[in-house]
Amino acid sequence: MLTIHNTLTRKKEEFKPIHPGEVRMYVCGPTVYDYFHIGNARSFIVSDFIRRYLEYKGYKVTFAMNLTDIDDKIIRKANAGNIEAKEVAETFSAAFFEDIAKLKIKKATIYPKATEHIQDIINLIKKLEENGYAYNIDGNVFYNVKKFTTYGKLSGKNTEELESGSRVEINEAKRNPLDFSLWKKAKEGEPYWESPWGAGRPGWHIECSAMSCKHLGETFDIHAGGNDLIFPHHENEIAQSEAATGKKFVNYWLHFGFLNIENEKMSKSLGNFFTARDVLKRYSAEVIRLFFSQTNYAGPLNFSDDLLSGAQKGLEKITNLAEKLDDELKAGRPSGIEIDFDFAKFYADFEAAMDDDFNTSQASAVIFDFVRAVNKVLAENSEAGKRFFEKAKEYLAKTAEGVLGIVDFSSLHGDDSKSLENDLIELLLNLRIEAKKEKNFALSDKIRNELTALGIVLQDGKDKTTYKKVKAE
RNA sequence: GGCGCUGUACCCAAGUGGUUAAGGGGAAGGUCUGCAAAACCUUUAUUCGUCGGUUCGACUCCGACCGGCGCCUCCA
């Protein structure tokens with residue numbers, strides 16, 4: 001039984017989809033004004049864990065992630081570079097897709113863009129106007145928060161306190177400081193669209209209400225995003241959607257913890273961030289994913305080089321086994337002897353972990369347990385047969401690769417094995433073997449040391465020497 | 001001030017009202033090896049921020065206190 005911690009109720013609840021066998025989920029995506037940082041990546045990767053696990057369980061998942069392609073930051077960047085907002089959005093949308101592909105994040109079913117849903121947004125605002133939840137002041141349309149009596153139910157805030165503690169700008173023509181923009185009147189030099197209220201552009205929150213409704217329905221299963229979106233963004237989405245439809249907006253709300261640097265939230269405004277693409281230059285997607293999987297999605301997580309390289313070391317354990325299994329099978333492992341191994345237990349443990357509010361930390365521990373158990377079998381049974389190798393590989397393929405994405409069987413030996421460079425290395429290795437046969441260890445060590453200095457690490461096996469290229473620096 | 005999260009070994013980090021408190025890194029020992037490295041195996045918290053309470057029994061529930069963080073303004 002899958003349980004999910006629901007921000008709305010602050011409890012773990014059994015997950016029951018609206019349509020049996022099907023899950024519709026929405027995750028707040030990027031504002032495409034810059035490269036996303038590794039903290040943003042955590043949200044995308046955690047969403048990916050969730051989506052993949054739901055699919056593992058057999059659900060048909062419809063997953064929408066919006067791209068906010070019109071907003072203040074985009075406009076600012078466009079003006080600074082003297083280019084069109086559209087150009088900024090296109091550049092960084094493309095970068096976004098490149099980066100999530102490198103992080104081995106499965107593509108969402110749909111990536112709706114705000115600018116392609118202007119009519120849907122206008123219709124939604126009209127509906128809110130009709131229902132008395134929106135008011136127009138000189139071409140700026142605001143949401144009347146007072147009218148929505150359950151405002152604050154997601155974030156646990158009450159409107160009285162919000163007003164007194166409000167730091168919201170006061171100079172706007174709003175009736176109430178809590179009211180927020182649905183439609184912003186166009187200012188000089190800004191992109192705009194025509195609307196019943198004049199030229200302008202959508203407010204930030206309205207696009208998610210409009211697009212989720214269009215692509216997932218008026219009520220859908222899961223809505224997720226970073227902790228900082230709980231208020232006001234998600235609170236406002238609920239206010240908009242429920243006031244328009246009169247129906248419950250979302251059944252399960254999930255929120256992700258932040259990635260911190262030295263215990264402080266990583267953010268663009270603090271300047272303490274690394275872009276995902278920079279981190280990817282130093283660590284593989286699998287390392288980053290394992291690192292994120294080793295802690296609960298809801299809590300804070302510190303980001304540092306030490307921590308990442310720890311994850312890298314750990315990942316090697318899994319990768320080594322994956323390689324061994326893969327190699328043996330490709331080399332035609334003989335039928336050998338049958339091994340009595342309780343695969344079902346490891347599947348059950350993995351599922352129990354993930355069923356418990358997507359406990360990836362526990363799930364990755366199960367995978368490490370599995371790796372140790374399989375290694376032990378292999379150490380004790382050199383005759384272990386093909387069947388065992390197949391089943392072990394299948395396990396890793398379904399869990400470590402399929403759900404967590406911390407193994408990629410298709411790129412285990414990512415080497416361009418036909419290059420001249422590799423031929424030369426082979427040549428040296430053969431010379432070294434000759435030297436070793438003649439007990440000329442001075443020479444064999446010299447070859448090893450000099451190759452190591454070039455970033456090629458030799459590993460003497462029982463009957464062959466293998467090598468690994470270590471990235472320079 | 002309001003709302004929420006959090007404090008588990010050297011570091012990161014799961015977890016449970018009572019049986020052996022996961023897993024990863026690190027460290028130590030071992031197997032293998034000409035020596036290394038790698039790989040694999042083994043070991044590594046009588047204890048879970050502090051102090052009280054509930055309980056036959058709490059690290060787990062409750063309360064207070066101390067510490068860290070986030071949101072309340074754009075933010076994953």
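We name chains A, B, ... by the order of the sequence lines, and we start the count at 1 in each one. Computed from a predicted structure; not experimentally measured.
For A:Tyr111 and A:Phe97, the ring centers are positioned less than 6.0 Å apart. Separation of the A:Tyr347 and A:Phe350 ring centroids does not fall under the 6.0 Å cut-off. Between A:Phe358 and A:Phe49, the distance separating the two ring centers is not shorter than 6.0 angstrom. Separation of the A:Phe96 and A:Phe44 ring centroids falls under the 6.0 Å cut-off.
Side-chain N/O atoms of A:Asn320 include one lying less than 4.0 angstrom from OP1 or OP2 on B:A39. Put simply, A:Lys436 has no side-chain N or O that comes within less than 4.0 Å of OP1 or OP2 on B:C35. Remark: A:Thr295 is in phosphate contact with B:A14, judged by side-chain N or O atoms under 4.0 Å from OP1 or OP2. Of the side-chain N and O atoms in A:Lys317, one or more sit less than 4.0 angstrom from OP1 or OP2 of B:G25. OP1 or OP2 of B:G26 lies within a sub-4.0 Å distance of a side-chain N or O belonging to A:Lys313. One finds no side-chain N or O of A:Asn227 lying less than 4.0 angstrom from the OP1 or OP2 phosphate oxygen of B:G70. Regarding contacts with the backbone of B:G15, a side-chain N or O of A:Asn359 is found under 4.0 angstrom from either OP1 or OP2. Not one side-chain nitrogen or oxygen of A:Lys268 sits closer than 4.0 Å to the OP1 or OP2 atom of B:A76.
As rounded to whole Å, 11 Å separates atom C1' of B:U73 from atom NE2 of A:His205. If you take CE of A:Met354 and P of B:A22, they are 22 Å apart, rounded to a whole angstrom. Straight-line distance from the CD1 atom of A:Ile261 to the P atom of B:C12: 15 Å, rounded to whole Å. One can place CG of A:Leu290 at 12 Å from C1' of B:A13, the figure rounded to the nearest angstrom. Between A:Arg76 atom CZ and B:C75 atom P there is a gap of 12 Å when expressed in whole angstrom units. Atom C1' of nucleotide B:U8 and atom CD of A:Gln294 are separated by 16 Å, given to the nearest angstrom. What separates CZ of A:Phe44 from C1' of B:C75 is a distance of 12 Å, to the nearest Å. Atom C1' of nucleotide B:C11 and atom CZ of A:Phe291 are separated by 12 Å, given to the nearest angstrom.
Interface remark: the A:Arg10 side chain does not form any donor-acceptor pair with the B:C3 base, using a distance-only criterion of under 3.5 Å. One cannot find a donor-acceptor pair under 3.5 Å joining the base of B:C41 and the side-chain atoms of A:Asn375. For B:G2, the base has no donor-acceptor partner in the side chain of A:Asn158 [N/O atoms by modelled type, under 3.5 angstrom]. Remark: the A:Lys376 side chain and the B:C40 base include no donor-acceptor N/O pair separated by less than 3.5 Å. For B:A76, its base sits under 3.5 Å from the side chain of A:Ser43 at one donor and acceptor pair at least. A donor-acceptor contact under 3.5 angstrom links the side-chain atoms of A:Arg448 to the base of B:A36.
Taking the 5.5 Å centre cut-off and the 30° plane limit, the aromatic side chain of A:Phe258 is not classed as stacked on B:A76.
Backbone-only contact: A:Asn263 has heavy atoms under 4.0 Å from sugar-phosphate atoms and none from a base. Looking at heavy-atom distances under 4.0 Å, A:His37 makes contact with a base. Within the nucleic acid shown, A:Ser361 comes within 4.0 Å of at least one base atom, counting heavy atoms only. A:Asn302 comes within contact range of no nucleotide atom at all, as no heavy-atom separation falls under 4.0 Å. A:Ser309 comes within contact range of no nucleotide atom at all, as no heavy-atom separation falls under 4.0 Å. Note on A:Ile230: nothing from the nucleic acid sits closer than 4.0 angstrom, heavy atoms only. A:Phe368 comes within 4.0 angstrom of the backbone, heavy atoms only, and of no base. Residue contacts for A:Leu259: at a heavy-atom cut-off of 4.0 Å it reaches a base atom on one of the strands shown. Using a 4.0 Å heavy-atom criterion, one finds that A:Gly257 contacts the bases of the nucleic acid, with or without backbone contacts as well.
Nearest-nucleotide positions on RNA chain B for A:Val371 and A:Val366 put A:Val366 closer to the 5' end. Mapping A:Gln362 and A:Gly299 onto RNA chain B by nearest heavy atom places A:Gly299 closer to the 5' end of the strand.
Here the nucleotide nearest the side chain of A:Asn296, chosen from B:G70, B:A14, B:A22, is B:A14. Among B:G68, B:G24, B:A76, the nucleotide with an atom closest to any side-chain atom of A:Arg372 is B:G24. If you check B:C74, B:C71, B:G23 against the side chain of A:Lys265, the one that comes closest is B:C71. Counting only heavy atoms from C-beta on, A:Lys157 has its side chain closest to B:C3 among B:G34, B:C3, B:A76. Closest approach to the A:Pro300 side chain among B:C5, B:C12, B:C71 is made by B:C5 (side chain taken as heavy atoms from C-beta onward). Taking the side chain of A:Asp369 as heavy atoms from C-beta on, and the options B:C11, B:G23, B:A14, the nearest nucleotide is B:G23.
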Where do A:Asp355 and A:Phe15 land on the side chain to side chain contact (heavy atoms under 4.5 Å, CB included) test, with the steps shown first?
CA-CA 9 Å; A:Asp355 274 348; A:Phe15 176 68; over 6 Å; no

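Remark: the A:Asn359 side chain and the A:Asn296 side chain contain no N/O donor-acceptor pair separated by less than 3.5 Å. The closest side-chain donor-acceptor pair between A:Ser209 and A:Ser241 falls under 3.5 angstrom.
Environment of CZ in A:Phe441: crowded, with over 12 heavy atoms of neighbouring residues, nucleotides or ligands closer than 6.0 Å.
Across B:U47 and B:C59, the matching C1' atoms stand 8 Å from one another, rounded to whole Å. Taking atom C1' in both B:C65 and B:G7, one finds a spacing of 14 Å when rounded to whole Å. Rounded to whole Å, the separation between the P atoms of B:G26 and B:A38 comes to 10 Å. For the P atoms, the distance linking B:G4 with B:G63 amounts to 12 Å, nearest Å.
In this structure, B:U50 forms a base pair with B:A64, meeting either the Watson-Crick or the G-U wobble geometry with both donor-acceptor distances under 3.5 Å. The pairing partner recorded for B:U19 is none, the criterion being a Watson-Crick or G-U wobble arrangement whose two distances lie under 3.5 angstrom. B:C3 and B:G70 make up a base pair, with Watson-Crick or G-U wobble contacts both under 3.5 Å. Figure legend. B:C40 is base-paired to B:G30; pairs are counted as Watson-Crick or G-U wobble with both atom distances under 3.5 Å. With a 3.5 Å ceiling on both atom-pair distances, B:A14 lacks any Watson-Crick or G-U wobble partner. Summarising the base pairing, B:C59 is matched to no nucleotide, lacking a Watson-Crick or G-U wobble pair whose two defining distances lie under 3.5 Å. Pair assignment for B:C35: none, as no Watson-Crick or G-U wobble contacts are both less than 3.5 Å.
For the pair A:Lys398 and A:Tyr56, the cation-pi test (distance below 6.0 Å, angle within 45°) is failed.
Using a cut-off of 4.0 Å between Lys/Arg side-chain N and Asp/Glu carboxylate O, A:Asp460 and A:Arg432 are scored as salt-bridged.
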